[in-house]
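Worksheet: the structure to be examined is printed underneath.
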2 protein chains.
Amino acid sequence: MTTDAFLADCRARLAFDLLSHTWNAVVLWALREGPRRPVALREQIGGISSKVLTETLRRLQYNGLVDRHEHPGAPPRVEYELTALGRTLLGPIDAVGAWAFTYGDKVMAAQEAADTEQPGAR
Amino acid sequence: MTTDAFLADCRARLAFDLLSHTWNAVVLWALREGPRRPVALREQIGGISSKVLTETLRRLQYNGLVDRHEHPGAPPRVEYELTALGRTLLGPIDAVGAWAFTYGDKVMAAQEAADTEQPGAR
DNA sequence: CGGAATCCGATGCGATACTG
DNA sequence: CAGTATCGCATCGGATTCCG
């Protein structure tokens, strides 16, 4: 596949759009080990509000990456889990995470170097 | 590495932040085959404004992923190319792109199914 | 051509409060 | 507990214009 074809392919754009939403990949990753309730996800992830978590889960559900299971009764009890399709995305996400683990320090070093040359620039 | 450690690792957040900027991955990919001038990048990518392209390139430069080469003279002639660090990110990006190529249809099918059930919802 | 400056509408996310 | 409603701030991205 040529570069142009790759970029023109709406499926590629679609994948980048998926990952370009801040919390999508993080939430998918948090679900990697099994079903989770929203409250557990929020503890596990940290720094995500109830509203944004709900929005993110809805979006992932809309794209067929997670399933929502509602257990009847009070108090409400809901669980989310990855679909088969969602699990296939863990590989690419892991590739990104592994890259970050290996090269993250170099990126931060580059940022510091840029800041040193041009303090205040960015 | 546990899920929690992965999520807490600021390097992982850094990588997701890199990909969460809409055009970063696309521009990096467009540079995969060699140095490019801005005008060529815009033709190759399509749908990106001059301003946003410049911002994206600055951001990538700041993170040490691309180099900017200015050739003196008029008219202005500038080229951007991937750094060694930038090339290491092509692997993970390719993993995402390959996923999109394989599973993109299923995602779009899931979207259509969701739209059919709840027309207007999203 | 490269890119900086400006304006502007759309969207994102967070905080808070509230419902069932 | 799960989710929604509302508000406000910040940011993003597009269009346009102007400069070297």
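Order of the sequence lines sets the chain letters (A, B, ...), proteins ahead of strands, with each chain counted from 1. Excluded from the calculations below are hydrogen atoms, water molecules and symmetry mates; all remaining heavy atoms, backbone and side chain alike, are included. Since we're looking at a predicted model, the values are computed, not measured.
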| message | Expressed as a whole number of angstroms, how long is the span from B:H71:NE2 to C:dG3:P? | response | 12 Å

| task | List the steps and the verdict of side-chain contact (heavy atoms from CB on, under 4.5 Å) for A:S50 and A:R42. | result | CA-CA 8 Å; A:S50 165; A:R42 289 178 53 195; 3.4 Å; yes

Pick out the pairs of N or O atoms, protein on one side and nucleotides 12-17 of chain C on the other, that lie under 3.5 Å.
residue, atom, partner, partner atom, Å
C:dC13, OP1, A:T22, OG1, 3.0
C:dC13, N4, A:K51, NZ, 3.4
C:dG14, O6, A:K51, NZ, 2.3

| query | A:R77 side chain N/O closer than 4.0 Å to the phosphate oxygens (OP1, OP2) of D:dG3? | reply | no

| Within a strict 4.5 Å, meaning less than it, do heavy atoms of the B:R37 and B:V78 side chains meet? | no

| task | Could you walk me through whether A:L14 and B:M108 pass side-chain contact (heavy atoms from CB on, under 4.5 Å), step by step? | result | CA-CA 9 Å; A:L14 191 154; B:M108 289 188 286; 3.4 Å; yes

| Separation of B:L53 atom CG from D:dG14 atom P, in whole Å? | 11 Å

| task | Find out whether A:E79 and A:R36 are in side-chain contact, i.e. whether some heavy atom of one side chain is under 4.5 Å from a heavy atom of the other. | result | no

| Atom CD of A:Q61 and atom P of D:dG3: how far apart are they, to the nearest Å? | 9 Å

| Can you check the B:R42 CZ to D:dG14 P distance for me, whole Å? | 11 Å

| message | Let me check the geometry of the helix from C:dC1-D:dG20 to C:dG20-D:dC1. What is the bend angle between the axes at its two ends, five pairs each, to 10°? | response | 40°

| request: Rounded off to whole Å, could you give me the NE2-to-P distance for the A:H69 and D:dC1 pair? | output: 21 Å

| task | Specify the separation, in whole Å, of atom CG of A:L57 and atom P of D:dA2. | result | 11 Å

| said: For the residue pair A:Q111 / B:N63, report whether a side-chain donor-acceptor contact shorter than 3.5 Å exists. | reply: yes

| note | Among the nucleotides C:dG3, D:dG3, C:dG2, whichever has the atom closest to the side chain of A:Y80 is D:dG3

| request: May I ask you to verify if any side-chain N or O of A:R68 is less than 4.0 angstrom from the OP1 or OP2 atom of D:dG3? | output: yes

| Beyond-backbone contact of B:Y80 with B:V27, side-chain heavy atoms, under 4.5 angstrom | no

| said: I'd like to check B:I93 versus A:V96 (side-chain heavy atoms, cut-off strictly below 4.5 Å). Are they in contact? | reply: no

| query | Are A:N24 and A:L65 close enough that some pair of their side-chain heavy atoms sits under 4.5 Å apart? | reply | no

| note | A:R37 CZ to D:dG3 P, in whole Å, measures 10 Å

| message | Would you say that A:Y103 contacts B:L89 through its side chain, given a criterion of any heavy-atom pair below 4.5 Å between the two side chains? | response | no

| request: Determine whether B:L60 and B:W23 make a side-chain contact, defined as any pair of heavy atoms from C-beta on separated by less than 4.5 Å. | output: no

| message | Quick one, A:P38 and A:L53 - any side-chain contact, counting heavy atoms below 4.5 Å? | response | yes

Pairs: protein N or O with nucleotides 17-20 of chain D N or O, under 3.5 Å:
none

| query | To the nearest angstrom, how far is A:E43 atom CD from D:dC1 atom C1'? | reply | 12 Å

